[in-house]
Amino acid sequence: MKIVLAYSGGLDTSVAVKWLAETYHAEIVTVTVDMGGTKNLDAIKQKALNLGAVNAHVIPVKDDFANHYILPALHANILYEGRYPLATALSRPLIAKVLVDVAEREGATAVAHGCTGKGNDQVRFEVSIAALNPKLNVIAPAREWKFTREAAIRYANENNIPLPVNLASPYSIDENIWGRSIECGVLEDISKEPPEEIYQWTQSPQKSANEPGYVKIGFEEGKPTSMDGKSLGFATLIEQLNTLAGKYGIGRIDHVENRLIGIKSREIYESPAGVVLTEAHRDLEALTQPGEVTHFKQILDQKYAELVYNGLWYSPLRDALDAFNQSVQRTVTGAITLRLFKGLAQVVSRESPHSLYSYQLATYAEEDLFNQHAAKGFIELFGLSTKTFHQVKKHQKLPVS
Ligand code: ARG
């Protein structure tokens with residue numbers, strides 16, 4: 001039997017290489033998916049081979065991730081529960097796809113991942129794998145073995161598994177170019193402010209520059225294509241914006257979120273580019289669409305965020321929502337300038353050939369072209385049903401509520 005394991009090089013997935021080989025008398029093939037930002041890929045590959053993996057793949061997917069996962073999510077302005085840009089959630093369907101591809105190429109009958117039974121990621125992986133190849137068995141060692149962290153360390157020592165250098169770190173971290181997530185340790189005490197040490201992409205707002213900075217993001221049909229006038233590939237733009245906005249302390253999120261499986265958990269995220277681009281995209285989209293489209297889309301956008309969070313990336317609903325979003329993006333061309341200062345990114349200027357803002361309609365100055373007389377009749381009809389209702393109530397001597 002051959003098992004393809006999603007491998008990060010950390011404690012749990014390293015233990016899993018040995019544990020799966022022993023428990024299932026299987027050959028283990030590891031897959032490390034490079035979404036940008038992962039260091040020491042060669043060392044991770046070598047470590048898997050040293051642990052006895054028969055093959056260790058490293059698959060670069062950064063551009064695919066940016067263009068086919070982050071971009072449709074940006075078109076939907078997705079923020080789970082209004083705050084979380086969904087970096088981890090968006091990466092899971094792509095990792096699942098890579099796992100399935102490698103399993104098919106390697107002739108494996110099962111795939112394995114390192115998720116516990118308490119989180120969302122197990123759902124995202126398994127729903128995606130089942131959608132892409134329902135014949136593959138899925139094994140979740142961490143869910144089966146119920147090792148505590150101490151027991152995993154003991155197992156590692158007994159089996160000559162080198163422990164990661166950062167083992168002293170009490171935090172569980174997941175990261176890709178769209179954001180970083182930090183869990184565990186002292187963060188599980190929701191009454192405590194997170195220690196500064198957990199943040200790695202963002203400067204503390206207190207220590208950030210005392211003068212504001214500005215950034216201008218150019219969009220073409222909903223896709224960010226330039227930063228301060230310079231054309232950039234999407235993944236590169238995200239990376240450069242992470243560095244810039246991070247310097248101003250932008251992108252820190254601390255919230256208690258609802259996991260799909262029913263647990264409320266305290267989550268800390270850093271997503272400087274995610275926060276800035278979502279703000280900019282939403283603003284430009286709203287400027288170039290009639291209000292009724294924007295208001296209706298907000299309902300769909302919330303649905304999109306839930307669907308991604310809940311692991312339903314490969315659902316027909318996402319396809320259908322993408323088709324709607326694609327149609328709306330046709331006008332989302334132009335540029336948005338944001339002011340970056342002490343943890344806050346605020347839109348301060350907009351330009352677009354599709355802008356529906358009309359100075360002559362909005363102004364109170366002499367150039368005003370709006371016909372104020374038309375408002376009177378409009379209000380009369382607009383309020384007619386409410387007025388009629390109250391007249392009937394009054395007639396019946398019922399109290400006004
Ligand atoms: N709560 C987030 C989510 O469900 C992030 C989980 C990331 N995992 C981690 N070990 N930090 O998408």
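Order of appearance sets the numbers: ligands from 1, and atoms from 1 within every ligand. Since we're looking at a predicted model, the values are computed, not measured.
Regarding atom 4 (O) of ligand 1, its nearest protein heavy-atom neighbour is Asn120 ND2, 2.7 Å. For atom 10 (N) of ligand 1, the nearest non-hydrogen atom of the protein is Ser172 OG, 2.5 Å. Scanning all protein heavy atoms for the shortest distance to atom 7 (C) of ligand 1 gives Ser181 OG, 3.2 Å. Counting protein heavy atoms only, atom 6 (C) of ligand 1 is closest to Glu183 OE2, 3.4 Å.
Ile129 CD1 to Leu136 CG: the interatomic distance, rounded to the nearest 0.5 Å, is 7.5 Å.
If you look at Tyr269 next to ligand 1, the close heavy atoms, those under 4.0 Å, all belong to the side chain. Proximity of Arg124 to ligand 1, defined as any heavy-atom pair under 4.0 Å, is confined to the side chain (atoms from C-beta onward). Contacts between Glu257 and ligand 1, counted as non-hydrogen atom pairs separated by less than 4.0 Å, involve the side chain only.
Identified under the ring-ring contact (aromatic ring centres under 6.0 Å, His included) test for residues 88-121, with sequence neighbours left out: His113-Phe125.
For Lys62 and Asn176, the side-chain atoms include no donor-acceptor pair closer than 3.5 Å. In this structure, a donor-acceptor pair under 3.5 Å is absent between the side chains of Gln289 and His295.
Ring to ring, Trp178 and Phe65 are not that close: their centroids are 6.0 angstrom or more apart.
Counting the atoms of ligand 1 from 1 in the order shown, those under 4.0 Å from a heavy atom of Glu267 are 1 (N), 2 (C), 5 (C).
Side-chain N or O atoms of Lys47 include one that pairs as donor or acceptor with a backbone N or O of Gly9 at under 3.5 Å.
Using a non-hydrogen distance threshold of 4.0 Å, Tyr84 registers as a contact of ligand 1.
Of the residues Arg259, Arg83, Arg180, Arg252, the one that meets the salt bridge (Lys or Arg N to Asp or Glu O under 4.0 Å) test with Glu267 is Arg259.
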